[in-house]
Amino acid sequence: MTITEIPFERLDAEKFIDEKCRSLVQETGDDIAVNALSGGVDSSVTTMLAHRAIGSRLKTYFIDNGLMREKEPESVISVMTGLGVPVERIDAKKEFFSALKGVTDPEQKRQVITDTFYKTVFGRLVKESGAKFLLQGTIYTDVEETVAGIKRQHNILSQLGIDTESAYGYRVIEPLIELRKTGVRAVGKALGMPESVYNRPPFPGPALVTRVIGEALPERIERVRKATAIVEEELAGVDAFQYLAILHEDRVTGVYEGARRYGNQIEIRCWDSRDAVVAKPTRLPFELLEKIAARVTAEIPEVVSVTYNITPKPPSTIEAL
Ligand code: XMP
């Protein structure tokens, strides 16, 4: 299937919503559709759009994979239920961590997330709910990067030749696939969502796994989760496209109370970008970077080194995986 992009300049958000609602009603008929809400802009806008189109025939799940940021499950669920959309939280932490055990290769980690999400967790949920469709917020950029072979975005299936009906037992519907991020934000705004949702900085589907080099063990995810919280707090007022922390695998020498101590390294990234296709590191004030480094090493004792990425994309990418 060829997908034609709707560029932001040509997008009429109201018309887009009307058309998508009509086609969602038509495609799903009298059947139930399930939907995975991650809290990111794409999945939140998909949820709102589908809720408007098919109402109670939509069952929205928040999959708690143990890989999200601090307090994220609670806050995502409360925002969406506040907008009138019922959300069920599914505890799938054990399933994800046991599948990730021993996996260090970036593409393999992405594959494990895909399989656990679509096969193990959604295979089960679809069976239990009797749903025939899974709605998801894939956007044009996800398809482009996957098809170009840069990265396999976790949500790309049919474009890679995967027949979800025979592989997982349900059909996937992707109402936002012709849009890029700026277009999705405009649709979210037109749907009446709060700015905190439609303007949320991007966060990847495979969550903190994309920010851990090497094995995504629970304690390593916890370390990058703490660093992420510090970076997000300190950079909240900065006008940037996205900012994040990455946990490296190195055993770095540090000094603690006059003695050598091996520890971890955290890399901070902060990006200026329009659509994530190309990006430049933000020229952050040095004092702000020093403050982040001081907090990270004080609040996460396993970390002895903090760096700032100064390489643009390309050749870097926004996430580490
Ligand atoms: P990269 O790291 O490819 O990131 O330069 C580009 C943008 O995409 C986000 N990203 C993802 N989003 N699933 C997603 O939904 C993914 O697998 C994924 N990988 C990266 C990333 O946060 C950035 O905004």
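Order of listing sets the numbers, starting from 1, for every ligand and every atom in it. We're numbering straight along the sequence, starting at 1. Any value given below was found using the heavy atoms of this structure, including those in side chains, with hydrogens, waters and symmetry copies removed.
Cluster membership for Y256 and I266, using ILVMFWY side-chain heavy atoms within less than 4.5 angstrom, is not shared. No path of Ile, Leu, Val, Met, Phe, Trp and Tyr side chains, each step under 4.5 Å between heavy atoms, connects Y170 with I32, placing them in separate hydrophobic clusters.
On a distance-only criterion, K313 and ligand 1 share at least one N/O pair closer than 3.5 Å. For ligand 1, the polar-atom distance check finds an N/O of I318 within less than 3.5 Å of one of the ligand's N/O atoms. Residue E319 places at least one N or O, backbone or side chain, under 3.5 Å from an N or O of ligand 1. Ligand 1 has no N or O atom lying under 3.5 Å from any N or O atom of R211, backbone or side chain.
In summary, the atoms of ligand 1 found under 4.0 Å from a heavy atom of Q242, numbered by their order in the structure, are 21 (C), 22 (O), 23 (C), 24 (O). Proximity to P202 (heavy-atom distance under 4.0 Å) selects the following atoms of ligand 1: 24 (O). The A276 neighbourhood of ligand 1 comprises atoms 6 (C), 7 (C), with distances under 4.0 Å to a heavy atom of that residue.
Proximity of L58 to T60: side-chain heavy atoms (C-beta onward) are separated by under 4.5 Å at one or more points.
Between K181 and ligand 1 there is no heavy-atom distance shorter than 4.0 Å.
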Just list the side-chain donor-acceptor pairs under 3.5 Å for residues 78-85, sequence neighbours left out, or say none.
{"from": "T81", "atom 1": "OG1", "to": "I77", "atom 2": "O", "distance (Å)": "2.8"}
{"from": "T81", "atom 1": "OG1", "to": "S78", "atom 2": "O", "distance (Å)": "3.2"}

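With respect to R57 and D31, no salt bridge is recorded, no charged nitrogen being found less than 4.0 Å from a carboxylate O.
Of all the heavy atoms of P204, the ones lying under 4.0 Å from any atom of ligand 1 are found in both the backbone and the side chain.
Qualifying ring pair (Phe, Tyr, Trp, His ring centres under 6.0 Å) partners for F241, counting only residues two or more places apart in sequence or in other chains: none.
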Legend entry - Criterion ring pair (Phe, Tyr, Trp, His ring centres under 6.0 Å) on F122 and F117, from CA distance to verdict: CA-CA 6 Å; F122 264 94; F117 185 84; 5.1 Å; yes
